[in-house]
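Below is one structure; the comments refer to it alone.
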Amino acid sequence: MSDIETTAQPEAPAQVRFSDFGLSPDIQRALTEQGYEHPTPIQAQAIPVVLQGRDVMGAAQTGTGKTAGFSLPIIQLLLAHANASMSPARHPVRALILAPTRELAVQVAENVANYCKHTPLRSTVVYGGVDIKPQAAIMRGGVEIVIATPGRLLDHVEQKNISLSQVQMLVMDEADRMLDMGFLPDLQRIINLLPKQRQNLMFSATFSAEIKKLAATFLSNPVTIEVARSNATADKVTQVVYKVTEENKRDAVAHILRQRELKQVIVFSNTKIGASRLARGLEQEGMKASAIHGDKTQQERMAALEAFKRGEVDVLVATDVAARGLDISDLPCVINYDLPYNAEDYVHRIGRTGRAGASGDAISIYSDKDERLLADIEKLIKQTIKRGELEGFRPGARASEERGGSDRRPPRRGAEGERPQGGGYAGSANGGYAGNGRPGADRGPRPSGPRRDKVDPWFLKPYEPSRPSTASTTTTPSSSAPSKPKPRLAALLGGLRKE
DNA sequence: AAAAAAT
């Protein structure tokens with residue numbers, strides 16, 4: 001705690017304890033069991049405000065402990081109200097927590113369930129991609145707290161598995177992400193189902209004009225809580241970028257992973273196909289790698305995440321499905337295989353490391369055509385990222401070639417479920433079930449003749465030195481800022497206003 | 001330009 005830099009820690013709440021908040025002994029017990037004694041800054045600020053019943057606009061990045069910041073006081077309020085007026089036989093939904101991605105919903109739900117462990121409150125999580133019937137049964141049995149992704153929640157409402165007419169508290173977690181993903185209409189429909197009289201909490205990693213507009217629409221007289229400068233990168237994350245040619249990016253990632261003998265790394269790819277391919281390639285290199293992205297089934301996504309958390313997988317190759325919110329703690333390193341198209345996503349991605357007092361490394365690979373993206377990122381984070389040299393990097397040189405790997409047959413479709421020769425992770429454990437009716441996404445490369453484009457698997461390609469071709473198409477770095485003002489969002493917000 | 005999410 002002594003090496004904290006001067007930013008990001010306002011009015012040092014170091015002496016505050018959870019026991020100062022007057023939380024129920026049942027909650028306090030769960031906190032003590034998990035070793036939580038001192039709240040993080042956002043918890044110290046949010047908990048008293050939420051307990052007062054105020055609406056909250058919270059700007060907090062992941063890793064700041066915001067989940068506990070809202071769920072602890074919510075649980076406390078539910079307990080207090082239950083004692084006063086609730087018939088113990090009924091369990092209407094009284095708190096609703098909305099999250100943008102399934103994984104985030106699951107993780108919030110795990111936390112909530114932990115904090116509720118010694119209370120009579122029941123919670124559950126609902127999200128798409130899995131059988132709806134078990135979820136329906138649980139909710140028909142009665143729960144006070146529901147954590148949900150918006151689409152599946154509406155599905156349950158339509159099926160009359162759940163009534164939202166008794167919801168007293170609404171949380172919108174990662175609200176900026178929900179906007180990005182086009183959830184605004186769903187949010188509007190859900191909110192229309194809620195009682196007018198309720199407490200609203202909205203959390204967002206960034207504080208854009210659109211988020212402020214959303215807050216003005218949905219929150220009433222909110223208390224604004226902001227921890228750390230928005231868009232600031234974690235102080236303890238060491239950032240470096242390595243420039244390579246486009247065709248050497250994959251080799252560079254493999255090189256970094258091998259040379260540093262990295263475990264527990266997330267590698268971010270901009271595309272689902274790129275993530276699958278890179279994971280397969282790393283597996284071919286003998287690394288324990290797995291991919292997680294939106295074209296995987298929910299079972300595969302959860303299996304990959306769990307295997308990564310348990311340490312059975314060292315390298316998780318992810319799209320931005322994993323950029324925000326995922327509470328994977330103590331990651332020593334994050335690698336950007338692609339620079340993100342949105343500079344803000346860079347902040348979210350590297351927020352996976354350097355958390356909770358630990359230091360971290362954020363390594364990014366980029367090529368000529370990404371100069372503009374890099375400039376955008378540096379502008380956003382208001383700092384210049386160190387340009388590094390990849391020591392000992394010889395593109396194309398890899399262990400598998402020494403083992404005669406280049407004449408290996410191409411991996412089957414669904415090969416990510418295959419075990420790497422080193423044994424270990426069985427991935428999605430799908431067995432022989434390869435055809436999930438989803439065309440294209442994870443399909444193996446077709447070895448059709450002399451194609452030189454990106455479809456060819458890098459790990460099957462013999463090494464050829466990078467041509468100095470470098471199509472210099474990136475000649476106009478300035479201007480060309482299109483940034484359309486998203487008329488759809490504006491229109492929707494305008495429509496909300498009128499109501 | 002890409003990703004995520006209800007079916």
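Per chain, numbering begins at 1; letters A, B, ... match sequence-line order.
One finds a side-chain N or O of A:Arg102 lying less than 4.0 angstrom from the OP1 or OP2 phosphate oxygen of B:dA6. For the pair A:Thr319 and B:dA4, the criterion of a side-chain N or O lying under 4.0 Å from OP1 or OP2 is met. Contact check, A:Thr271 against B:dA1: no side-chain N or O comes under 4.0 Å of OP1 or OP2. An OP1 or OP2 oxygen of B:dA5 is reached within less than 4.0 angstrom by a side-chain nitrogen or oxygen of A:Arg301.
Proximity note for A:Tyr341 (side chain, C-beta onward) versus B:dA6, B:dA1, B:dA3: the nearest is B:dA1. Closest to the A:Tyr127 side chain, of the nucleotides B:dA1, B:dA6, B:dA4, is B:dA6.
Side-chain N/O atoms of A:Glu246 and A:Tyr366 include no donor and acceptor closer than 3.5 Å. Using modelled atom types, one finds a donor on one side chain and an acceptor on the other under 3.5 Å when comparing A:Asn200 with A:Arg198. With hydrogens and angles left out, the side-chain atoms of A:Asn342 and A:Glu344 include no donor and acceptor closer than 3.5 Å.
Within the 6.0 Å centre-distance limit, the rings of A:Phe70 and A:Phe203 are counted as a close aromatic pair.
For the pair A:Tyr337 OH and B:dA2 P, the computed distance is 14 Å after rounding to whole Å. Atom NE2 of A:His348 and atom C1' of B:dA3 are 13 Å apart (whole Å). Look at OH on A:Tyr346: it is 21 Å from P on B:dA3, rounded to the nearest Å.
Using a 4.0 Å heavy-atom criterion, one finds that A:Asn342 contacts the bases of the nucleic acid, with or without backbone contacts as well.
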